Structures are given as C-alpha cells and as structure tokens.
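Worksheet: the structure to be examined is printed underneath.
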Amino acid sequence: MLASAVLGAEPANPLPADLAPLFQPPADAVEQYGNFRSPLKFADGSEVKTPADWARRRAEIRQHWFDVMGPWPPLLKTPKLTILEKAPRENFTQCRIEVEIAPGRMSAGYLLIPAGQPKFPAVFVPYYDPETSVGLQKELRDFAYQLARRGFVTMAIGSPGGDARKPDIGDAQCQPLSYLAYIATNCAQALANLPEVDATRIGVVGHSYGGKWSMFASCLSEIFACAAWSDPGIVFNEKRSNVNYWDPWYLGLQPGPLRPVGLPDDAHPRTGAYKIMIEQGMDLTELHALMAPRPFLVSGGAEDTLAQWPALNHAIAVNRLLGFEHRVGLSTRPKHDPTPESNEQIYRFFEHFLKPSPKTP
C-alpha cells in the first residue's frame with residue numbers, strides 16, 4: 001500500500017508573502033477557462049457538484065488516461081535500495097545508490113540525507129542524469145543538492161536505459177511518459193520506506209523533460225504530497241516544438257517504425273496515445289485536476305507563460321469545490337532555462353508545503 005499524502009488536511013496554513021502572488025491569477029485571467037473541457041463534468045456530461053462526485057469523477061479521469069496510455073506494471077511495495085558508497089558533503093551525506101525502479105530492474109542514482117534529527121520531508125528529482133540534479137554537472141538544475149542543503153532527503157535518478165529519446169521500458173505495455181511516472185512512484189515508495197523520511201511529506205520536481213516526468217508522476221500517483229514542474233509545457237500545443245508530447249519517447253509510441261522528430265503535420269501525423277488523446281479532445285488540464293487538493297507550482301518559462309492561467313483555472317475550480325484555495329501556482333521567467341529566482345521559488349514552495357508548520361504554544 002502506498003504512503004498517503006495528507007497535506008490536503010491543512011487548508012488554514014497561509015502562504016508566505018513571497019509565494020502568495022504566484023498562487024493568484026492576474027485580474028484579467030480570473031475564472032477564464034479557455035477552450036479546455038471542464039474536468040468537473042463526467043464523461044456522460046453530468047456535472048460534478050459535490051466532493052463525493054469529484055471522487056468518482058477523479059477515478060473516471062485517471063482510469064481513462066490509463067486506458068489510453070496503457071496499464072502500469074505492478075507497483076513495488078518494498079523497492080530495493082542499495083547504498084554503494086557514501087561520504088559527507090556540506091551539511092548532508094551523499095550516497096551513491098542503486099534503486100529498484102521496476103521488478104528486478106535497478107537504476108543508478110544518488111540519495112542525499114541531511115544532518116540532523118529525522119524524520120525529514122523528501123523530494124524525488126528525475127532528470128536526464130542524476131549527476132546534474134545533485135550539483136555535479138550543469139548549474140541551476142541541481143534541485144536535489146539545493147533541497148538537501150535545506151533539510152530535505154532527496155533522491156535523483158536519470159533516464160531509464162540512459163537515453164531519454166530511447167527510453168528502456170522493458171516489457172511494459174504503456175507509453176514511455178507513463179512508464180516514467182511508474183518509475184517515480186516506485187522511487188517515492190523507496191523514499192517512504194526509509195527510516196529518515198516522513199512518508200506523508202514527499203514531493204517531486206523536475207525541469208523540462210524532468211518537468212514532464214514530474215507532472216505525470218504527481219498527477220497519476222497520490223504518494224506525492226505536492227509537486228513543482230519547471231517549464232514542461234502544461235498543455236498540448238502543436239505550435240511549440242518543445243511541447244513535444246507527440247514524440248515516441250513521450251506519448252507517441254506505437255508498433256512499427258518510430259515517428260520522426262518534429263511537429264505533427266500531414267507528412268508526419270500524430271501517432272500512439274497522443275493521436276487518440278487529440279481525437280478525443282483530451283488535454284493535460286484533466287491531469288492537473290487529479291492533483292487536487294495537493295498543491296503544485298508551475299515554474300514557467302518559455303513554454304509556460306501567464307497565458308496558461310485559463311488552463312490552471314480548471315484545477316483551481318476543483319480545489320474550490322473541495323474547499324481549498326491557493327493550491328495552484330504559476331511563476332514566470334523569460335526563457336526556458338531556470339534562474340536563481342525561479343529556483344528559489346521552487347525551494348520556498350517545498351519548504352512551505354512539506355516542512356511541518358511551527359506549533360503555536
């Protein structure tokens with residue numbers, strides 16, 4: 001049984017002043033819903049009116065996405081986690097590990113454990129490679145390192161098989177992006193099983209490819225108490241080449257020759273689950289809604305601008321039905337690459353939502 005996130009039970013914890021503006025749509029975007037289908041309508045067209053209705057609708061949405069993307073392999077209750085070596089680093093211990101990401105299948109990565117008294121909140125950090133996430137490669141993508149310095153246990157792994165464009169999904173019968181979410185769920189369970197970790201306070205964060213990975217993981221698995229997605233492209237958009245859910249390493253996989261890289265057009269039509277999703281009028285707003293009432297922050301850049309608020313307003317509407325406000329955030333920056341400011345917002349988000357609130361006398 002997966003650990004259960006409980007942050008939905010804390011609606012009264014107010015946002016700090018530095019985060020509050022990110023969780024309020026601009027005046028001209030309030031209650032604007034764009035052309036997206038409302039998640040607050042059942043497949044038969046009837047309306048979701050109560051939290052009990054939403055529980056049924058949520059299950060309906062989730063099942064439909066799995067029907068289109070393919071089922072997950074069985075989840076692991078006790079994923080193996082082997083520490084190969086460990087060494088002190090600043091105010092935490094850095095462990096080189098292997099973690100079981102699927103039955104009998106191990107992946108190399110890192111586990112960072114803060115000094116101090118457990119139990120700690122934890123964050124799973126997926127990316128192309130784990131070294132970047134722990135601060136041993138490119139700057140400003142070192143989420144695992146920076147969060148460990150702030151008192152979070154963090155786990156970082158890379159692409160299954162080592163090549164994001166040729167993901168090794170074994171004999172799984174699902175789309176690669178859904179398989180990444182499956183892997184993330186098993187890694188989060190491995191974190192939850194650690195004696196140092198508070199299993200109810202596990203988050204996930206990633207940038208770009210890692211942002212897509214983090215978004216699908218947190219939306220499809222309730223083990224994550226909150227999530228931050230850095231400029232993944234939070235809705236389908238065939239005018240932006242980087243919002244490439246149609247590619248075969250995300251949602252466009254199907255038997256036979258792989259679809260060539262590039263925007264869909266008459267010569268290169270949609271394939272796989274993505275083709276079905278577009279034909280059925282599905283969009284990622286349905287996945288966002290599955291987060292409610294768990295908080296999430298879109299750390300937006302070139303792909304996710306203020307123009308995304310109408311899409312996010314659908315998740316706000318679901319949260320409001322459940323009695324929650326300020327659970328959906330969007331920050332902006334000019335370019336795709338993270339900045340010190342955008343990363344600080346991510347770290348403050350996790351500090352607010354994952355660290356226990358100070359107890360008043």
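Just so it is clear, the structure is predicted and the values come from calculations on it, not from any experiment.
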How far does [atom1] of [X] sit from [atom2] of [Y], to the nearest 0.5 angstrom?
X	Y	atom1	atom2	value
Gln173	Trp72	CD	CH2	16.0 Å
Ile234	Asp283	CD1	CG	9.5 Å
Cys95	Leu112	SG	CG	7.5 Å
Leu297	Cys226	CG	SG	9.5 Å
Leu290	Cys219	CG	SG	6.0 Å

Does [X] use its side chain to pair, donor to acceptor, with the backbone of [Y] at less than 3.5 Å?
X	Y	answer
Asp231	Ala302	yes
Glu98	Leu84	no
Gln308	Leu312	no
Asn186	Ile101	yes
Thr305	Gly301	no
Arg270	Ala273	no
Asp247	Trp249	no
Ser208	Gly210	no

Selection [range] - residue pairs positive for salt bridge (Lys or Arg N to Asp or Glu O under 4.0 Å), sequence neighbours left out:
range	result
residues 37-51	Arg37-Glu286
residues 300-309	Arg240-Glu303
residues 180-200	Asp198-Arg201
residues 110-127	none

Quick check: do [X] and [Y] have side-chain heavy atoms less than 4.5 Å from each other?
X	Y	answer
Pro79	Asn193	yes
Ser230	Val205	no
Ile83	Arg96	no
Leu81	Met155	yes
Leu191	Leu111	yes
Asn343	Leu140	yes
Leu330	Trp309	yes
Arg141	Asp337	yes

- Message: For Leu75 and Gln189: C-alpha separation, side-chain torsions, deciding distance, then whether side-chain contact (heavy atoms from CB on, under 4.5 Å) applies.
- Response: CA-CA 9 Å; Leu75 288 167; Gln189 189 62 60; over 6 Å; no

- Query: Is Glu139 atom CD crowded by more than 12 heavy atoms from other residues, nucleotides or ligands, each under 6.0 Å away?
  - Reply: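 Result for CD/Glu139: open.
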
- Message: Counting only heavy atoms not in Asn35 (residues, nucleotides, ligands), do more than 12 fall under 6.0 Å from its CG?
- Response: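 Check fails, neighbour count at 12 or below.
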
- How far apart are the C-alpha atoms of Arg62 and Glu222, what are their side-chain angles, what is the distance that settles it, and do they pass the salt bridge (charged side-chain N to carboxylate O under 4.0 Å, His left out) test? CA-CA 11 Å; Arg62 190 173 183 275; Glu222 293 182 16; 6.0 Å; no

- Where do His288 and Phe296 land on the side-chain contact (heavy atoms from CB on, under 4.5 Å) test, with the steps shown first? CA-CA 9 Å; His288 307 163; Phe296 68 90; 4.1 Å; yes

Got a sec, which residues hit side-chain contact (heavy atoms from CB on, under 4.5 Å) with [X], two or more places apart in sequence or on another chain?
X	value
Leu40	Ser38, Val48, Trp54, Ala317, Val318, Leu321
Ser218	Val204, Phe224, Ala227, Trp229, Met291
Glu351	Arg150, Phe152, Arg348, Lys355

Can you give the donor-acceptor pairs under 3.5 Å from side chains of residues 160-172 to other protein atoms, not counting sequence neighbours?
unit_1: Asp163; atom_1: OD1; unit_2: Arg165; atom_2: N; d: 3.0
unit_1: Asp168; atom_1: OD1; unit_2: Gly170; atom_2: N; d: 3.0
unit_1: Asp168; atom_1: OD2; unit_2: Arg105; atom_2: NH2; d: 3.2

- Would you mind listing every side-chain hydrogen bond (donor to acceptor under 3.5 Å, both in side chains) that reaches into residues 311-321, with sequence neighbours excluded?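 Every pair satisfying side-chain hydrogen bond (donor to acceptor under 3.5 Å, both in side chains) with a residue in residues 311-321: Arg320-Glu325.
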
- Message: Suppose the criterion is side-chain hydrogen bond (donor to acceptor under 3.5 Å, both in side chains): which pairs have a residue in residues 23-32, not counting sequence neighbours?
- Response: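 Every candidate side-chain hydrogen bond (donor to acceptor under 3.5 Å, both in side chains) pair involving residues 23-32 fails, so no pair, neighbours aside, qualifies.
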
- Task: Could you list the residues that satisfy side-chain hydrogen bond (donor to acceptor under 3.5 Å, both in side chains) with Glu90, not counting sequence neighbours?
- Result: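 In terms of side-chain hydrogen bond (donor to acceptor under 3.5 Å, both in side chains), with neighbours along the sequence ignored, Glu90 is linked to Tyr145, Arg149.
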
- Query: Parallel, tilted or perpendicular: which describes the rings of Tyr347 and Phe143, with under 30° parallel and over 60° perpendicular?
  - Reply: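 The rings of Tyr347 and Phe143 stand perpendicular, inter-plane angle above 60°.
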
- Task: Evaluate the ring planes of Tyr274 and Phe236, with Trp represented by its six-membered ring, and classify them as parallel (under 30°), tilted (30 to 60°) or perpendicular (over 60°).
- Result: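 Rings of Tyr274 and Phe236: perpendicular, as their planes differ by over 60°.
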
- Start with the C-alpha gap between Glu60 and Arg56, add the side-chain angles, then the distance that decides, and say whether salt bridge (charged side-chain N to carboxylate O under 4.0 Å, His left out) holds. CA-CA 6 Å; Glu60 183 180 63; Arg56 292 187 294 111; over 6 Å; no

Same cluster or not: are [X] and [Y] linked, directly or through other Ile, Leu, Val, Met, Phe, Trp or Tyr residues, by side-chain heavy atoms under 4.5 angstrom apart?
X	Y	value
Met106	Leu76	no
Leu136	Ile113	no
Leu263	Leu177	yes
Phe92	Leu147	no
Ile183	Val134	no

Return yes if a side-chain donor-acceptor contact under 3.5 Å exists between [X] and [Y], otherwise no.
X	Y	value
His268	Asp265	yes
Thr271	Trp246	no
Arg333	Ser299	yes

Would you name the heavy atoms of [X] and [Y] that are closest together and state the gap between them?
X	Y	result
Ser331	Gln345	CB-OE1, 3.2 Å
Asn91	Ala148	OD1-O, 4.4 Å
Ala217	Ala184	CB-CB, 3.5 Å

- Item | Sequence neighbours excluded, every pair satisfying ring pair (Phe, Tyr, Trp, His ring centres under 6.0 Å) that has a member inside residues 203-223 |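 Matches after skipping sequence neighbours: Tyr128-Tyr209, His207-His336, Tyr209-Trp213.
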
